[in-house]
Structures are given as structure tokens and as C-alpha cells.
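Take a look at the structure set out below.
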Amino acid sequence: MPEPDTESLLSPLIRKMERIFNLTADEKRVLEGACTTTREFGAHEDIIKIGDRPWQSNLLLEGMVYRYKRLSGGKRQILSFQYPGDIFDSYSFVLEVMDHSIATFCPSKIAYIPHETMLEITERHPRIARALWKDTLIDASVFAEWMTNIRGKLPHAQVAHLICEVVVRFAVVDLAENDEVNWPITSSEMEDALGISAHYIETVLAEFQHNGWITLFGGRLTVHRLDKLKELAEFDPIYLHLNHPLGAASRRIALDWVKPL
């Protein structure tokens with residue numbers, strides 16, 4: 001497998017890190033040199049399965065993936081969505097054994113960071129270690145927000161909140177041009193994430209479209225009234241712990257600047 005062009009491949013990671021931690025140019029170069037190879041996955045394909053013992057961590061370059069567990073009877077619980085720029089299993093070099101599976105929503109490209117490299121980076125570059133630690137803690141914060149939404153918000157608000165989160169997460173890595181993002185998520189997958197029936201979710205999305213708040217077509221989502229979705233969802237992006245990111249969508253979300261680290 002050919003060596004990747006790391007500067008172009010890792011740019012989603014660097015763009016995201018610029019929003020959560022003020023890395024130096026040298027520290028960015030260390031991250032840019034961390035990957036060894038890349039691999040492309042098809043839609044609805046497992047990247048990692050529960051019980052695996054990975055020898056490398058995975059950086060999402062393109063596409064969108066999700067963490068999940070299988071329940072009795074074959075039902076699936078989606079635990080989180082992951083976006084370009086996410087090292088979505090950075091913890092695997094510490095925990096060693098996977099306690100959940102990770103799969104793609106759509107065709108996706110992954111870059112591999114060997115665990116030996118992760119260990120070397122965290123030992124030799126404490127600020128990068130802190131940045132990766134913060135990134136992992138943000139994942140935990142997102143999970144807590146999801147649990148709060150599932151238990152504390154009505155279905156319409158849950159769907160609106162998910163839309164706001166997806167738009168912001170893509171905006172963080174400059175992939176939400178004109179409030180338009182990839183939307184490879186089916187109503188069935190939203191059901192597995194939110195615990196709301198797929199039929200009800202389709203009704204809600206149709207209502208949002210009828211109201212002129214969104215357009216959902218051909219795997220693309222365009223948000224026309226982010227203010228209405230925010231109000232309905234009571235969306236507060238503080239749980240994403242971001243510096244003020246670029247992009248019109250994220251500016252209107254009004255993310256607060258956090259202190260440099």
C-alpha cells in the first residue's frame with residue numbers, strides 16, 4: 001500500500017485540533033507524520049468489531065462512521081457519530097480490547113496511526129497528549145449530551161438537536177459550506193441512535209422540510225433556519241468545548257472562545 005500524502009490527508013485532524021487546542025507548528029507536524037497507511041471502506045462496513053485487539057488507532061479522513069453495540073435479538077444501539085478529523089478509537093492503545101464495534105455510514109477513508117506511534121507521541125510530546133486527552137473527553141461529553149437528550153427531550157427536539165450537532169461538527173473541519181453537509185444517515189439509523197421510531201423520524205424530517213427549515217435530498221442536508229432548529233432543540237454547543245470555529249453555520253451557533261492551552 002502506498003504511503004499517504006500526510007499533509008493533505010491529515011488536514012481534517014489538524015483543522016479540528018485548531019478548534020480545541022492551540023498546537024504549535026512543530027506539534028502539528030508531529031501529528032501530520034503519525035500515519036502510516038490508509039484504507040477505504042464501503043458503506044455499512046465494520047471497521048472494528050467488539051472483542052478486537054487493535055494494534056493501531058483510526059483517523060477518519062473522509063465519510064462518516066458510528067460506534068454501536070448489538071443487543072439481544074439483533075437490535076442495534078448506536079452510541080455516537082464520528083466525523084472527519086476524529087481519531088475515533090484513540091483510547092484503544094490504552095484499553096487494548098474493544099468493548100463496542102465501529103462501522104461506516106457511507107464510503108469512508110481511514111488513516112492508521114500505529115499504537116507504538118501513539119505511545120511515542122504521548123511520552124515525548126506532553127502537549128499533544130493533552131490535546132488527545134481533551135479530544136477523548138469531548139467524546140465523553142457528547143455521549144453525556146446524547147443521554148440527556150434521550151431522557152429529557154421530546155422527539156422533535158431530539159431530531160433537531162442531532163441536525164444542529166451534525167452541522168456544527170462538519171463546520172469545525174470546514175465541511176459545511178453554505179450550511180450544507182453530507183447526510184448519509186437513514187431514518188433506521190437515527191432510530192437506533194435516538195430510540196425514536198423510523199416512521200416518526202421521517203414524519204419529523206418531512207415537517208421540518210415543509211416548514212422551510214431544511215432540505216434533505218440525495219444524501220445532502222441543507223439547513224435554511226438554523227435558528228429555528230436551535231430554539232426547538234435548546235441547542236447549547238458548550239458540550240463540544242470548541243474554540244470559535246470557522247464557517248457561517250458555526251458562527252451563527254455562537255460558540256464561545258475557550259482559553260488557550
Side-chain angles (χ1 to χ4, degrees), residues 3-38 54-65 80-95 102 108-143 145 165-177 181 237-251 253-261:
E3 292 294 315
D5 176 355
T6 54
E7 184 172 357
S8 61
L9 290 176
L10 288 180
S11 56
L13 172 61
I14 300 305
R15 287 198 296 270
K16 188 182 79 166
M17 284 299 177
E18 287 175 344
R19 274 60 163 186
I20 69 173
F21 200 100
N22 291 335
L23 294 173
T24 67
D26 287 341
E27 289 166 340
K28 291 175 185 178
R29 282 192 287 270
V30 170
L31 280 178
E32 287 173 349
C35 283
T36 55
T37 56
T38 63
W55 57 270
Q56 58 202 1
S57 292
N58 295 272
L59 165 63
L60 183 61
L61 301 173
E62 300 173 5
M64 192 171 176
V65 306
S80 71
F81 295 169
Q82 307 295 148
Y83 307 84
D86 288 350
I87 305 176
F88 52 78
D89 64 339
S90 59
Y91 48 79
S92 65
F93 88 102
V94 177
L95 297 180
I102 303 175
S108 301
K109 181 182 288 186
I110 307 296
Y112 294 137
I113 306 177
H115 284 170
E116 292 86 351
T117 303
M118 292 285 287
L119 181 61
E120 181 180 355
I121 287 174
T122 55
E123 289 184 342
R124 294 189 178 185
H125 302 276
R127 279 175 39 83
I128 297 179
R130 287 168 60 192
L132 294 172
W133 185 18
K134 181 178 181 180
D135 190 37
T136 301
L137 291 174
I138 290 172
D139 273 348
S141 180
V142 171
F143 182 75
E145 186 75 9
E165 180 176 296
V166 171
V167 170
V168 171
R169 293 294 299 275
F170 274 114
V172 164
V173 290
D174 301 333
L175 293 175
E177 186 176 357
V181 298
I238 191 172
Y239 71 99
L240 296 173
H241 299 280
L242 297 166
N243 295 343
H244 193 97
L246 302 177
S250 49
R251 283 198 298 271
I253 293 286
L255 298 172
D256 292 327
W257 181 265
V258 298
K259 65 180 181 181
L261 293 172

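- Remark: V142 engages I138, W146, E165, R169, Y239, L240 in a side chain to side chain contact (heavy atoms under 4.5 Å, CB included) (not counting sequence neighbours).
- Across all their heavy atoms, K16 and I87 have their closest contact at NZ-N, 4.5 Å.
- Considering only residues two or more places apart in sequence or on other chains, T122 meets the side chain to side chain donor-acceptor pair (under 3.5 Å) condition with none of them.
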Can you check salt bridge (charged side-chain N to carboxylate O under 4.0 Å, His left out) on R19 and D135, steps first, answer last? CA-CA 10 Å; R19 274 60 163 186; D135 190 37; over 6 Å; no
(request) Go through Q82 and I102 one step at a time and tell me if the side chain to side chain contact (heavy atoms under 4.5 Å, CB included) criterion holds. (result) CA-CA 10 Å; Q82 307 295 148; I102 303 175; 5.8 Å; no
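- By the salt bridge (charged side-chain N to carboxylate O under 4.0 Å, His left out) test, D89 pairs with no residue at all, sequence neighbours left out.
- Atoms CD1 and CE, on I128 and M118 in that order, are 10.5 Å from each other to the nearest 0.5 Å.
- V168 is listed as a side-chain neighbour of L242, based on a closest heavy-atom distance under 4.5 Å.
- Contact between S108 and G63 at its shortest, heavy atoms only, is OG-CA, 3.5 Å.
- Taking CG from L13 and CD from E32, the interatomic distance works out to 9.0 Å, rounded to the nearest 0.5 Å.
- For T117, the side chain to side chain contact (heavy atoms under 4.5 Å, CB included) partners at least two apart in sequence or on another chain are A34, I113, P114, I121.
- Residues satisfying the salt bridge (charged side-chain N to carboxylate O under 4.0 Å, His left out) test with E120, not counting sequence neighbours, are R124.
- Among residues two or more places apart in sequence or in another chain, the ring-ring contact (aromatic ring centres under 6.0 Å, His included) test is passed with F170 by Y83.
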- Query: Going through the distances and angles, do T24 and R29 end up as a side chain to side chain contact (heavy atoms under 4.5 Å, CB included)?
  - Reply: CA-CA 9 Å; T24 67; R29 282 192 287 270; over 6 Å; no
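- In this structure a side-chain-to-backbone donor-acceptor pair under 3.5 Å is missing from S141 to L137.
- For the pair H241 and I20, the minimum side-chain heavy-atom distance is 4.5 Å or more.
- The shortest side-chain heavy-atom distance between L175 and P84 falls under the 4.5 Å cut-off.
- Note: D86 CG to N58 CG = 11.5 Å, rounded to the nearest 0.5 Å.
- L60 places a side-chain heavy atom less than 4.5 Å from the side chain of I110.
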What do the steps show when you test S80 against D139 for side chain to side chain contact (heavy atoms under 4.5 Å, CB included), and what is the final call? CA-CA 8 Å; S80 71; D139 273 348; over 6 Å; no
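- Of the inter-residue distances, the one linking L132 atom CG with S57 atom OG reads 9.0 Å to the nearest 0.5 angstrom.
- Side-chain contact check for E27 versus L31: every heavy-atom pair is 4.5 Å or farther apart.
- Residues Y112 and T38 form no side-chain contact, since every pair of their non-hydrogen atoms from C-beta on lies 4.5 Å or further apart.
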